[in-house]
2 protein chains.
Amino acid sequence: MEPPVSAVPPRITLKDLARELGVSTASVSNAFNRPDQLSPKLRERILSEAQRLGYSGPDAKARSLRTGRSRIIAVVLAETLTYSLNDAVASELLAGIAEVLDVHGHTLLLLSGRQHVSQAPGSANIADGFIVYGLMPSLKVLNDIPAQRPMVAVDFNIQSRPSVHVDNEPASYAVARHALATPPKRPGIINLRLTESPCNGKITAEYTLLAAGQTITRSRLAGFHRALEEQGIDPATVPMWNIEENTFEVCAPVIAEILDLPDDQRPDLLLCMSDRIALTVVTLAEQRGLRVPQDIRITGFDGIAEGQYRSPRLTTVRQDSVEKGRIAARMILGLAPRENRQLLTELILGETCP
Amino acid sequence: MEPPVSAVPPRITLKDLARELGVSTASVSNAFNRPDQLSPKLRERILSEAQRLGYSGPDAKARSLRTGRSRIIAVVLAETLTYSLNDAVASELLAGIAEVLDVHGHTLLLLSGRQHVSQAPGSANIADGFIVYGLMPSLKVLNDIPAQRPMVAVDFNIQSRPSVHVDNEPASYAVARHALATPPKRPGIINLRLTESPCNGKITAEYTLLAAGQTITRSRLAGFHRALEEQGIDPATVPMWNIEENTFEVCAPVIAEILDLPDDQRPDLLLCMSDRIALTVVTLAEQRGLRVPQDIRITGFDGIAEGQYRSPRLTTVRQDSVEKGRIAARMILGLAPRENRQLLTELILGETCP
DNA sequence: CTGAAAGCGCTTACAG
DNA sequence: CTGAAAGCGCTTACAG
């Protein structure tokens with residue numbers, strides 16, 4: 001089905017090299033892997049001869065079969081790789097993971113829970129461990145993974161596996177409480193992936209929200225609602241929109257619809273479930289000549305760099321995604337206890353909602 | 001040295017399953033890999049029994065040794081993974097690569113040319129092919145790669161290997177020419193990684209630039225210079241600064257230094273070698289109450305989303321990094337001829353330099 | 001369509 | 001410190 005990556009010309013193996021040198025295969029192996037197991041002189045000879053003959057070291061495929069370990073850790077991403085690689089939060093998580101793996105001699109294999117159908121099944125199970133990021137449409141990918149391999153879930157839960165989270169509900173509560181301290185005339189909420197069936201626009205009565213515990217965005221909504229109630233605002237009276245994908249392109253039409261409402265209907269405070277959403281509001285508001293924060297106040301969630309290295313700076317709540325990645329990686333490598341972890345977030349007061 | 005990832009409990013193998021079912025190992029293998037080689041009925045029985053006994057399919061380590069292919073393609077990044085994952089251009093490249101690999105049943109292994117010393121040598125050679133991105137401090141990593149494996153270079157050159165580039169010189173010329181059509185009083189250039197020894201600030205006489213052909217930024221400078229000369233401006237009279245890493249944090253102090261020059265010395269046009277640099281100029285200029293483009297005009301290079309989904313939009317030249325990744329991936333998979341490619345760029349007229 | 005057997009390239013006790 | 005040998009878990013001609 002797939003064309004071979006290349007026709008491989010004759011290749012020299014460890015055995016060939018041993019024969020060539022008149023030593024045992026064990027000595028050649030030791031020359032590369034256990035310097036203390038042979039004389040420096042012999043090792044020198046083996047290594048230089050290897051270089052001369054174009055032998056670049058033991059084959060990793062054979063080594064991993066023999067030792068049972070590949071030194072590869074897989075990250076399974078709920079979204080497509082294309083999306084994840086361009087998302088600031090996912091990128092930071094990956095950076096945190098990569099940092100720890102690198103220091104401990106492991107490498108990072110990227111997999112997606114939304115892979116193409118032609119995806120060779122089982123190619124994932126080469127990895128020694130798995131970090132699974134976010135709720136995926138189907139847990140089928142996880143079935144290909146041998147049950148004994150370590151696995152940790154990030155930002156969602158897998159039955160009987162450790163997980164790493166942030167304190168979504170208190171974090172949302174904190175930012176909403178700050179925003180509501182200045183009473184808004186018309187607050188609004190822009191959710192992220194919160195409906196059972198796809199909805200990119202206003203959430204009307206016909207939509208059902210995902211169940212609590214299924215998604216972190218449900219916890220974020222709970223935090224918003226708690227703050228609203230505390231201010232004597234009935235959450236049921238606050239209009240909600242939903243965004244299907246955390247990108248400018250997908251956010252823009254929904255936000256344009258909101259901002260283009262008549263002055264007396266347009267929200268003057270928008271609580272957004274991500275910085276990407278909030279930043280899109282800022283950009284489209286500026287394009288329309290709406291003043292931030294005078295005409296419309298905006299809050300985000302995540303604390304990504306793009307929201308801080310600009311003007312006006314985003315008011316948001318910062319989660320340390322890099323640290324989330326580090327912790328997940330340490331758990332997988334057995335350097336940290338495999339337990340459920342919840343990281344704290346930090347309220348950032350920017351200019352979009354002073 | 002490194003602790004094992006986990007103590008693996010007893011595990012069932014293909015052989016065990018075959019014995020259990022009273023069939024040959026070939027049939028079990030075929031049930032998973034070649035459905036046409038056995039009766040649907042037997043296949044059904046094997047698959048269901050496998051599930052019941054917790055056999056999740058053939059082990060990828062053994063399979064890859066046996067077949068000689070891992071279906072893994074490695075991307076070797078010149079920068080650290082932490083940097084690369086958070087850089088828009090590198091992320092787009094990776095996204096383009098991942099897109100093609102995914103469709104063709106391959107997965108993506110991330111490696112860095114600046115790995116930690118403890119990095120297990122040779123663990124890279126599990127990959128079937130290598131995409132090498134950017135000039136790295138040392139090509140040592142590449143030595144561990146068997147010579148027969150396909151390899152393609154992106155944004156730099158490796159002896160006798162195909163490469164993928166964009167038209168850096170003409171692209172820079174185009175954007176500079178556009179900018180210089182409105183004659184500046186005091187043009188300036190902000191370079192990226194262009195000096196032999198590290199320099200984060202003004203490039204003075206004591207610094208030597210990297211040789212032409214060594215780095216793409218040298219080609220970009222050539223484009224700027226050609227446009228300057230064409231306008232009768234001697235490039236030697238145009239002040240140049242250098243940035244060591246394409247991040248806000250590293251750019252900011254250099255740019256602050258430039259913007260804080262007295263009014264009669266501050267450049268009124270800055271030609272920047274990346275959008276990240278240009279965006280940092282915009283942000284810091286806004287913070288200082290400088291008007292863009294009235295007080296200072298700014299051009300970038302790359303065409304990243306962040307520069308376009310904001311106001312003022314960046315004037316820049318767009319390179320299709322996603323496509324660069326797609327092409328490199330197709331070459332590696334043997335789906336496109338292994339030859340040198342140069343992609344065209346597109347001038348984008350934004351508001352930072354109308 | 002099925003089964004017996006070779007062998008992919010290593011690492012690692014083990015005996016010397 | 002060195003060498004002979006087993007075996008990691010598969011896939012694939014090949015014979016039936």
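For clarity, every value in this text was computed on a predicted model and none was experimentally measured.
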- Item | Stepwise side-chain contact (heavy atoms from CB on, under 4.5 Å) test for B/Val322 and A/Thr82 | CA-CA 9 Å; B/Val322 178; A/Thr82 297; over 6 Å; no
- Step by step, would you call A/Met331 with A/Ile131 a side-chain contact (heavy atoms from CB on, under 4.5 Å)? CA-CA 9 Å; A/Met331 282 188 189; A/Ile131 295 171; over 6 Å; no
- Task: Any chance you could lay out the side-chain contact (heavy atoms from CB on, under 4.5 Å) test for B/Glu92 and A/Asn86, step after step, and finish with the verdict?
- Result: CA-CA 7 Å; B/Glu92 286 188 15; A/Asn86 288 294; 3.6 Å; yes
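Rounded to whole angstrom, the span from the CZ atom of A/Phe32 across to the P atom of C/dT12 amounts to 15 Å. C/dT2 atom P lies 9 Å from atom CG of B/Asn30, rounded to whole Å. Taking atom NZ on B/Lys15 and atom C1' on D/dT11, their separation rounds to 14 Å, with Å as the unit. The distance between atom CZ of B/Arg19 and atom C1' of C/dA4, rounded to the nearest whole Å, is 15 Å. The interatomic distance linking B/Lys61 (NZ) with C/dC8 (C1') rounds to 16 Å, in whole Å. C/dC8 atom P lies 17 Å from atom CG of B/Asn125, rounded to whole Å. A/Leu17 has its CG atom 9 Å from the P atom of C/dC10, to the nearest Å. Taking atom CG of residue A/Leu14 and atom P of nucleotide D/dG7, one finds them 19 Å apart after rounding to whole Å.
Residue contacts shown for B/Ser64 are absent, as no nucleic acid heavy atom lies under 4.0 Å away.
In this structure, B/Tyr55 does not reach the D/dG9 phosphate: none of its side-chain N or O atoms is under 4.0 Å from OP1 or OP2. Of the side-chain N and O atoms in B/Arg63, none sit less than 4.0 angstrom from OP1 or OP2 of C/dC8. In terms of phosphate contacts, B/Ser29 brings a side-chain nitrogen or oxygen within less than 4.0 Å of OP1 or OP2 of D/dT11. Side-chain nitrogen and oxygen atoms of A/Thr67 include none within less than 4.0 Å of the OP1 or OP2 phosphate oxygen of C/dT12. Using a 4.0 Å cut-off, some side-chain N or O of B/Ser27 falls inside it from OP1 or OP2 of C/dG3. Within the structure, a side-chain polar atom (N or O) of B/Asn33 is placed less than 4.0 Å from OP1 or OP2 of D/dT11.
The side chain of A/Thr13 lies closest to C/dG9, out of D/dC10, C/dG9, C/dG3. In the set C/dG9, D/dG3, C/dT2, D/dG3 carries the atom at the smallest distance from any side-chain atom of A/Ala26. Of the candidates D/dT12, D/dT2, C/dT11, the closest approach to any side-chain atom of B/Arg66 belongs to D/dT12. Listed nucleotides: D/dC10, C/dT2, C/dG9. Nearest to the side chain of B/Leu65: C/dG9.
Under a 3.5 Å cut-off, the side chain of B/Ser64 and the backbone N or O of B/Arg69 do not form any donor-acceptor pair.
A/Asp59 and A/Arg11 are joined by a salt bridge, as a carboxylate oxygen and a charged side-chain nitrogen come within less than 4.0 angstrom of each other. Using a 4.0 Å cut-off between a side-chain N of Lys or Arg and a carboxylate O of Asp or Glu, B/Asp155 and B/Arg341 do not qualify as a salt bridge.
In this structure C/dC1 sits in a base pair with D/dG16, meeting the Watson-Crick or G-U test at under 3.5 Å.
Of the residues near DNA chain C, A/Asp59 and B/Asp36, the one whose nearest nucleotide (by heavy atom distance) lies more toward the 5' end is B/Asp36.
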